[in-house]
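Comments concern the structure below.
By convention here, the first residue in the shown sequence is residue 1. Note that the coordinates shown come from a computational prediction; the quantities given were computed from them, not determined experimentally.
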Amino acid sequence: KGGYDHFMLKEIMEQPRAVKATMAPRIRGNDIVLDDADMDMHGIRKIIITACGSAYYAGCAAKYAIEALCRIPVSVELASELRYCNPLIGEDTLLIALSQSGETADTIAALREGKSRGARTLAIVNVVGSTVAKIADWCLYTWAGPEIAVATTKGYTTQLTALYLFALHTAKQLNTVDDATYRSMLSALKALPKQLQQALDMNPEIPQLAKKYHKAKSMFFIGRNTDYAVALEGALKMKEISYLHAEAYAAGELKHGTIALIEDKQPVVALCCNDAITEKTMSNIVEVKARGAEVLAVAPRGNGRILSLADDMIFVPQVNPLFSAVVEIVP
């Protein structure tokens, strides 16, 4: 366990190294070189990401980056649903299957379903030679190293990193970004391991926050855009690690019924790492605080506007919003 109390803590702390291991072999100078050199995205009109659990939520977060950079519509489907829903998949579809182990039964079945309908397929997995890796046309290994803890941490962040590499590589191949944007985005990717380490280092008060909130009966996680995708994974971690009920909501949906559940001292984790929509999320923070909620906000260091509203803060370094999920999820 490398001196740590348990494997999950060890693997949380390994995330900067793991993300670097995912990127390093594939960034050569100012180019992204993927493992399968023949990965041709011309003719692809639709991308479907399929997975289960945290891998599914990694797909939810990556959707925003792929669509923004590649200008191809992306849908994210639970593998356990895709295999039974008679999906609209054809030769113009790329099906991306995410799995840490590469042996997730529902994901294997969904991948086979996509291949039977003529889709091109890409596997993003950690375990070399696994079933998902063997079935897919193309494969990107995350190189995260062994993941012993049941609840994934570095599996999630390395899957996201691989998807970001795929998105930027595809954008260049399809000429959907100019050279300046490509270089800027590549620099943002290269900075992620260092920023991950900063996210681990800049929050020494997290044990005290845990002591404050651990007796709550339930927690809500809210956010918009990529922040909402991170909220989904954050709520899942709270459930499976703490056995504490937690739900994630797109912050703009609170007013459509859910806000009825907000009562005095209700903990709400508000994710505010996308500057373009911070004002919108701030209005939702005001709404829940008016009903007595205690708000724990996650925001880039130096965001004084959030600091003035929230009861407690967790800080992350400033990250390009398209790639922020990798850093934001860690604390």
SB check [X] [Y] (cutoff 4.0 Å):
X	Y	value
Asp137	Lys115	yes
Glu113	Arg117	yes
Glu91	Arg120	no
Asp92	Lys46	no
Asp264	Arg291	no

Residue pair Gln100 / Val125, side-chain heavy-atom distance below 4.5 Å: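 Not in contact.
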Counting C-beta onward and ignoring hydrogens, is there a side-chain heavy-atom pair between Val316 and Cys273 closer than 4.5 Å?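 Side-chain contact under 4.5 Å: yes.
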When rounded to the nearest 0.5 angstrom, what distance separates [atom1] in [X] from [atom2] in [Y]?
X	Y	atom1	atom2	result
Gln266	Glu294	CD	CD	10.0 Å
Leu140	Asp35	CG	CG	5.0 Å
Gln173	Cys70	CD	SG	9.5 Å

Suppose we screen for side-chain contact (heavy atoms from CB on, under 4.5 Å). Which residues come up paired with Ala251, at least two apart in sequence or across chains?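 For Ala251 the side-chain contact (heavy atoms from CB on, under 4.5 Å) partners, ignoring immediate neighbours, are Ile222, Arg224, Asn284.
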Using ring centroids (six-membered ring only for Trp), state whether Tyr249 and Phe220 fall under 6.0 Å.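 They qualify: ring centres under 6.0 Å apart.
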Say whether Gln15 and Thr153, considering side chains only, have a donor N or O and an acceptor N or O under 3.5 Å apart.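 Side chains of Gln15 and Thr153: no pair found under 3.5 Å.
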No-hydrogen, no-angle side-chain donor-acceptor test under 3.5 Å, Gln159 and Asn126: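 Side-chain D/A pair, Gln159 to Asn126: absent.
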So does Lys280 get a backbone contact from the side chain of Ser283, meaning a donor-acceptor N/O pair under 3.5 Å?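 Yes, Ser283 side chain to Lys280 backbone: donor-acceptor pair under 3.5 Å.
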